[in-house]
Amino acid sequence: MTVQTALSAQDFKSDVKPIWCPGCGDYAVLSAMTKALAELDVPREQIAFISGIGCSSRIPAYTNVYGFHGVHGRALAIAAGVKLARPDLTVIVAGGDGDGLSIGGNHFLHACRRNVDMTYVIMDNEVYGMTKGQASPTTSPDWCNSKLTPEGTGISPVEPVRLALAAGANFIARGFAGNPAEVSRLIVEGVRHPGFSFIQILSPCITYRPEEREWRNAVHASGEQPAQSMTEAMHRLASDDGFTTGVLFAGNRPAFMPARAAKATLADIERKFVS
Amino acid sequence: MTVQTALSAQDFKSDVKPIWCPGCGDYAVLSAMTKALAELDVPREQIAFISGIGCSSRIPAYTNVYGFHGVHGRALAIAAGVKLARPDLTVIVAGGDGDGLSIGGNHFLHACRRNVDMTYVIMDNEVYGMTKGQASPTTSPDWCNSKLTPEGTGISPVEPVRLALAAGANFIARGFAGNPAEVSRLIVEGVRHPGFSFIQILSPCITYRPEEREWRNAVHASGEQPAQSMTEAMHRLASDDGFTTGVLFAGNRPAFMPARAAKATLADIERKFVS
Amino acid sequence: MATYSVSVALTGSGGAGAMTAGQILLDSASKAGFFGLMTRSMGPQIRGGEAAALVRISSVPISSLDDHYDLLVAFDWGNITRFAAELPLSRDSLILADPEQGDIPEAVARHGARVAELPLKALAGTIPGARANMVGLGAVAALIGLPIDSLIAVLTVQLGRKGEEALAASTEAVRAGARAAATLPALPKLPEAAPHDGQRWNISGNEAAGLGALKGGIKFVAAYPITPATEILEWMAPALEKTGGTLVQAEDELASINMVIGGSFAGLPSLTATSGPGLSLMIESLGLAVASETPLVVIDVMRGGPSTGIPTKSEQSDLNIAAFGLHGDAPHLVVAPNSATDCLSATQWSVYLAEALQTPAIVLSDQAMGQSRVIIDKPADSPYVASRLVAPAGDGQYRRYALTDSGISPMAIPGTPGSNYVADGLEHNEKGTPSSQAGDHLAQLDKRSRKLDSFDYGDNWADIEGDGDIAVITWGSVTGPVREALARARARGQKVKLISLRLILPALPGKMEQALAGVGRVLVVEQTHSQQFAKFLRGHYTLPAEVSVFNRPGPLPIRPGEILTRLAAWE
Amino acid sequence: MATYSVSVALTGSGGAGAMTAGQILLDSASKAGFFGLMTRSMGPQIRGGEAAALVRISSVPISSLDDHYDLLVAFDWGNITRFAAELPLSRDSLILADPEQGDIPEAVARHGARVAELPLKALAGTIPGARANMVGLGAVAALIGLPIDSLIAVLTVQLGRKGEEALAASTEAVRAGARAAATLPALPKLPEAAPHDGQRWNISGNEAAGLGALKGGIKFVAAYPITPATEILEWMAPALEKTGGTLVQAEDELASINMVIGGSFAGLPSLTATSGPGLSLMIESLGLAVASETPLVVIDVMRGGPSTGIPTKSEQSDLNIAAFGLHGDAPHLVVAPNSATDCLSATQWSVYLAEALQTPAIVLSDQAMGQSRVIIDKPADSPYVASRLVAPAGDGQYRRYALTDSGISPMAIPGTPGSNYVADGLEHNEKGTPSSQAGDHLAQLDKRSRKLDSFDYGDNWADIEGDGDIAVITWGSVTGPVREALARARARGQKVKLISLRLILPALPGKMEQALAGVGRVLVVEQTHSQQFAKFLRGHYTLPAEVSVFNRPGPLPIRPGEILTRLAAWE
Ligand SMILES: Cc1ncc(C[n+]2csc(CCOP(=O)(O)OP(=O)(O)O)c2C)c(N)n1
Ligand SMILES: Cc1ncc(C[n+]2csc(CCOP(=O)(O)OP(=O)(O)O)c2C)c(N)n1
Ligand code: SF4
Ligand code: SF4
Ligand SMILES: [Mg+2]
Ligand SMILES: [Mg+2]
């Protein structure tokens, strides 16, 4: 056991230089994250920070905790394994809208319903940054700047918070990289809330979606207390414009965690084979 | 062109004997399906019937149309390929709750939002029949009869129709194998409705879930007209008990179908490389 | 007329009770002091449908089917043509049929075996509550020389719960069958079983694999059901629960392999089990485990391929994907148990190796081993237990992927202060920071292959038996029939060596060279269509000039006699 | 002092314009009548970050980098140490540096190349609107003997839209650079370009692959973006849209491969493109395509592995997964283009083969070929166009998987009356009905391998050039440097044969035997760490006794001189 004095946000930053473009929204998310970790006051070695592949998914390496930069789309599955194996760890997951909602959509669905205690942050820029600008599931159907879909996708975007609710997430929030203080607070609340917490963070990609700078004019804080029942949340989200920030839903399903007390030895088990 | 006289349900049955257990709900779905195909009056060769792997997914072989029995969980992706390549075909997809919502969950999500014109039938028995009785995403958390989850899954089941709505399906219905006439009607309506139609059919597995015979006492027809807006449908489904049958939602998003008129020749395209 | 083993096939439609009868036969053989082996052949139906219980009882330990069945008991003929090819008979074999069930189908009759009729159903009809399969069982016991008492003893335990009446009916039926058998043509009989002190076990290959995993130290399992691997998971779920581990059913194999990666990263020896289609889906993330040096074990219980293939039948055709399925240069372990019993020790060893070498180990079992049930002497304890080289608390300068001589770098487990790092599937430097530099890439590639190539695998890499100018090289469940063929070859004076490869990857050319010293001719035996194993051997080892290959895809098991024929040609 | 080719490396931080300068240099070379090749080396940053444009200009067609760069122009030194290893220089090379940017880093200086200083930035500063990269470009042209007029001509086209002023500034900068070069040490100069009639093309390997796909008849593409394959898709999307095809961006690779299966089942020649991680995810469904006999093409543009590896750098390490990644016995096609140009013809041929043989074809390209841009003579037209053996309207007795002599069975396309069937990945009989019988399994396995093994691949299976006791066997992009090495070896009198395998699978032992007639020694050259290609050759072919392997993983390209050294040892 080491005695730890309270750590600052800076203590949670690593010395690896981000590969991000100057001005990318992800820098603010990183700051909000390290600030939140400092506020949560969990020892660095007790945190497991898991991600997939994408610009945003690079974030664990920029923090100073245990981390796993996995493959594209599978962060939530790795994270579930970590938490189920080691309930004592604080598990945080982050990544992009492509990573989490396109290739990783199935794990998102099942993470919401499985309700393992962890916090999942999607840094949503409505684009694939890392692969140089293709449409993601949150991209609007008429965005024509990808060479892959030069006429736009023609497909309705997914609304991540609505999907999370339908799939059974236990805590749902939305933040904006332009307001890192709020993002930081949402992360702290998400981590403290038992079960699966989902936080969508609007984080502009200034290289492939420079128009997202305008998000700062669209976001508005939710004036209401978080919905506490699924029905109430469904009703509220039915009319959500996608730019309301704050905690949108805080449910009370117990987190999933199989019991793990040994009641028998291997020798007891082997005895069954004696013929 | 062949001149075809109207075909009967029997004409849509193949002579392959189902591997299903005597009494399985899937027999009724098969009957309802062939009846619907007869009513739809589409020539047999114009129908592509796609499935994954599971007891239910065996259904295409028992019908007398073009079919593809693919791998576990990928039926919707094959089907999208078929329809995008050949818009003239009527595309129907069927399979189990495990196939469609566990391993196939991501394609379900994206099929809903992509809204390609096809009809997807999940034969929901709240269990993996084919692999001899494990919990599926629709299994209730306290079902303890699987050796894999002897204490029950402890996980909230997915409500398929709610998920379909959140993901953007354009037509949503629910039927019960015990009422094949209604199922048949739902299939006909689903096929006729443009875009992605989703039909959940409660189809008891009498081998691993014999208690599902009791579903006949739980189902009740929806008295209402189908909801026509997503908001209205969300409100209604918020209080759904999972046993309301009928068309629950009929939206009006246009189906996704990229244009395919040739405007240039390959020679035109090659010219760009001349240096 | 005595023999060291008899083979009995019990067949019938679903509900005829062939499986139950087979199970009781095997248990009774054990009770009587014999060794034994039972496999099953099932139809595609989920419930009901034709089925065969294939039982071999022996006075010595066995891990192979025999060339043919001495006795085939048909409770009815159902759809037997669907798998008649799996039921070889000789002219000396005896077919025991119920005349009530009609003529013997041509696919069975064509062998020219002897036929005896016994009105199984009619006889059962004379005893209230009795069933034809019990009558058949009694007849079988009498014909092969299995003491009826051992049958009754097993029935007494099994029907205990069902009450006196059920037991009495079954006992009576068994006795009736035995009596009726007196009038039937004789079969070679089992000798008296040798007395023994030690414990005997009744275990399936899949259970053995599960037990081996637990004994090796597995504490976390995430998996998705698939035939024929599900039984490993079904056995492990309650066993883990009781011993303080966790098993979670994942949404698919992509999730299960990544959960396993997470569990292992977090510090617990972790495992999943699957079959070909599931292994295919795990391929990308197995590469992640290689690159991030995360230990884990995947048991692949092989079935007929390609694609969904033949889920209920055996084949060795996942060798290619297991050995070469990963993209990039991705050295990892591939270990193959070579009998149902070895499923225990090979899996346990694999857990040990994966943990010691911080890399994924693929255990290649198959349906024939996994779903066969054997009576064996209690397996000896094995010393192999997971023991990972972990890093101590550090000062923030921890190098997760340090370039050590052995190639193995101490791994910090979350919770260890000052040694936090970020595991990465991107190429990286010693600290784990992504790097696309040629020098870092080469250093890490070297390290990852060095740790496998320079490890001491001892004698476990292969079972080597006998000596001679001829070697039979084989692997996996085919080792059973090869072993038996070689025993017969030796009995008739031929000198032959067995090399059964347990460690498929890494290849150990030095050890093979030693094993092949003095060998001039090699027969490779494998259950594939495309000679995957023979090609693998040619690619990785130097073989003698004369190599002959005996390969056949599933589902027909390879029989000792077929191998013997090939060896005889070299005599 | 003239030479047939010069190699120039242009480097600088993001924004320094090295890439733009490289592009213009290549275009100008083409305009001047030269052939050329340009590759790029990029840092991990999405935007900005260090970069190098690597340009080789030649009076003869080329498909290889040279041993070193004759000229390295550094606009600044940025993070050049990150890829200095990729920039070999000789003592005769010239480093052109801007003194303002500080000392030459040791990683560059260590080669002992000559150094010349030119105040690029300062010179640009004297011309309003001018940039240092244009000054550098002028100097390069003067140093290597590329007519300044060709530069001006290219700039005129490219800057046309930006208006007179921009053009004037750039032109002036180029001229200033050229003037300044007069005072610099001399370099070998390009000869005058030979006059030519035919069309010249400027095309990248990835574009060529896309074009080959279209020319082969591809009408449907489903894909998921991944480096370095995305450019194939980005080129194909508008091209398909214009020519009446469809490209759809799928949610992941599991979806894309299955959409492609659906598109092909429905009757359209279909394709996807990906890289290692994506190919891994397609493995299960590739097996489905094999078993259901659904033709399709997957282009894998290989990058550094394993796992996420090094996404922006080249390697040949997906050979294993492409050839052996599928579970079960799953014969399929693996085709490897051996130059950026061949990406066109090999892909086109693959479409033809996949359709003719009703099986998946994996095309193994790589980052080095895919992302290099070449100036070539317009490729000759190829006769290979998709032509599937389709079934006519039927009477309901259609046997989709009929056992024909060729192994190819007529395939009914939905819409064809009376020939409907259900395609299946379960083993099946001739009609397609699932079957677990040994006979059906063997018959279908035989059929699926027979159709590949007995097909006539003509001469396309390999490029075979020259003669001699020594053969170099290689494949893919490494063929470029091997070809050049062999040309040099022959020039100095060594007799050597080139065998560059285009058809990796099926293996054609008969053809190889012919090709190896008279060859006593073989050098295998490949860009992997674990000798995947050499092991593949050993496993599938009979090679002469003396086999030597020259292998190295990426990202360092294999250079002609390194191969020459190995050959010299055999002289
Ligand atoms: C299996 C696989 N497929 C594709 C890729 C290529 N790829 C890398 S990141 C990415 C998408 C990134 O988008 P997102 O998750 O939104 O992250 P962002 O870069 O926008 O932060 C893709 C497609 C990959 N690495 N692995
Ligand atoms: C990749 C893969 N994983 C697992 C399996 C094994 N498997 C076959 S069917 C099935 C689940 C079937 O459940 P469901 O889809 O609900 O169909 P049902 O049998 O209940 O109709 C599973 C897990 C498989 N065939 N492929
Ligand atoms: S490409 Fe976009 S998301 Fe990626 S680092 Fe640059 S700005 Fe950020
Ligand atoms: S196992 Fe269940 S779902 Fe499968 S065929 Fe039998 S009853 Fe139907
Ligand atoms: Mg994104
Ligand atoms: Mg089901």
Side-chain angles (χ1 to χ4, degrees), chain B residues 1-2 4 14 16 19 43-51 53 58 60-86 88-89 91 106-107 109-111 114 256 258-266 268-270 272-275, chain D residues 27 30-31 199-203 207 211 214-215 219-220 222 239 241-248 250-252 254-268 270 284-285 287-288 292 294 375 378 393 396 412 414-426 432-434:
Chain B
M1 293 286 263
T2 52
Q4 244 177 331
S14 81
V16 178
I19 59 154
R44 286 187 290 222
E45 65 272 14
Q46 285 299 116
I47 298 170
F49 193 3
I50 318 292
S51 71
I53 297 288
R58 293 273 188 146
Y62 309 146
T63 67
N64 195 359
V65 299
Y66 280 91
F68 209 124
H69 184 218
V71 293
H72 192 36
R74 315 290 164 214
L76 285 170
I78 293 189
V82 170
K83 185 69 183 182
L84 291 171
R86 287 283 304 279
D88 61 306
L89 299 175
V91 177
N106 203 32
H107 309 303
L109 220 74
H110 289 278
R114 191 176 283 118
F256 173 78
R260 273 246 303 279
K263 292 164 270 185
T265 66
L266 260 179
D268 299 332
I269 305 267
E270 280 188 357
K272 304 256 166 65
F273 294 120
V274 178
S275 81
Chain D
D27 291 350
S30 170
K31 185 112 316 180
Q199 252 183 36
R200 287 275 165 83
W201 279 17
N202 177 332
I203 194 167
E207 290 168 350
L211 179 62
L214 289 193
K215 293 183 79 140
K219 287 271 175 282
F220 181 72
E241 205 261 357
K242 287 196 192 86
T243 54
T246 303
L247 181 144
V248 54
E251 56 270 32
D252 59 18
L254 301 161
S256 58
I257 185 70
N258 278 285
M259 287 179 177
V260 161
I261 288 174
S264 177
F265 167 78
L268 300 192
S270 301
E284 188 199 11
S285 298
L288 174 63
S292 64
T294 310
I375 308 295
K378 180 188 171 179
T416 312
S419 294
N420 54 285
Y421 73 101
V422 178
D424 210 315
L426 277 167
T433 308

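Below, read A as the first sequence line, B as the second, and so on, with proteins coming before strands; counting in each chain starts at 1.
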Please rank [options] by heavy-atom pairs under 4.5 Å with chain B and give me the top one.
| options | answer |
| --- | --- |
| Leu426(D), Ile261(D), Asn420(D) | Asn420(D) |
| Pro414(D), Gly244(D), Ala255(D), Ser30(D) | Pro414(D) |
| Leu211(D), Leu268(D), Thr416(D) | Thr416(D) |
| Glu207(D), Lys219(D), Lys378(D) | Glu207(D) |
| Ala412(D), Ala250(D), Ser285(D), Gly425(D) | Ala412(D) |

What is the distance from atom [atom1] of [X] to atom [atom2] of [Y], rounded to the nearest 0.5 Å?
| X | Y | atom1 | atom2 | answer |
| --- | --- | --- | --- | --- |
| Ile78(B) | Thr294(D) | CD1 | OG1 | 8.0 Å |
| Phe220(D) | Arg86(B) | CZ | CZ | 12.5 Å |
| Ile53(B) | Asp424(D) | CD1 | CG | 6.5 Å |
| His107(B) | Leu254(D) | NE2 | CG | 5.0 Å |
| Lys242(D) | Asp268(B) | NZ | CG | 9.5 Å |

Would Leu288(D) and Phe68(B) satisfy side-chain contact (heavy atoms from CB on, under 4.5 Å), going step by step from the backbone distance to the final call?
CA-CA 11 Å; Leu288(D) 174 63; Phe68(B) 209 124; 3.9 Å; yes
With a 4.5 angstrom heavy-atom cut-off, could you sort out which part of [X] is near chain D: side chain, backbone, both or neither?
| X | value |
| --- | --- |
| Pro258(B) | side chain |
| Val274(B) | both |
| Ala261(B) | backbone |
| Asn64(B) | both |

At their closest point, which heavy atom of [X] faces which heavy atom of [Y], and how far apart are they?
| X | Y | value |
| --- | --- | --- |
| Gly415(D) | Gln46(B) | CA-OE1, 3.3 Å |
| Ala264(B) | Thr243(D) | O-CG2, 3.5 Å |
| His69(B) | Val422(D) | N-CG1, 3.9 Å |
| Leu89(B) | Ala266(D) | CD1-CB, 4.4 Å |
| Ser275(B) | Asn202(D) | CB-CB, 3.5 Å |

Applying side chain to side chain contact (heavy atoms under 4.5 Å, CB included), can you list everything that pairs with Lys31(D), at least two apart in sequence or on another chain?
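Lys31(D) satisfies side chain to side chain contact (heavy atoms under 4.5 Å, CB included) with Ser150(D), Ala153(D), Val154(D) only.
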For [X], is it the side chain, the backbone, both, or neither that has a heavy atom closer than 4.5 Å to a heavy atom of chain B?
| X | result |
| --- | --- |
| Ser292(D) | side chain |
| Glu251(D) | both |
| Tyr421(D) | both |
| Asp252(D) | side chain |
| Val260(D) | neither |
| Ser419(D) | both |
| Lys215(D) | both |

Could you walk me through whether Gln199(D) and Phe273(B) pass side-chain contact (heavy atoms from CB on, under 4.5 Å), step by step?
CA-CA 10 Å; Gln199(D) 252 183 36; Phe273(B) 294 120; over 6 Å; no
Just give me the residue among Val91(B), Ile47(B), Val82(B), Leu109(B) that pairs up with chain D most often, heavy atom to heavy atom, under 4.5 Å.
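Heavy-atom pair counts peak at Val82(B).
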Between Val248(D) and Arg114(B), is a side-chain contact (heavy atoms from CB on, under 4.5 Å) present by the stated rule, with each step listed?
CA-CA 11 Å; Val248(D) 54; Arg114(B) 191 176 283 118; 4.3 Å; yes
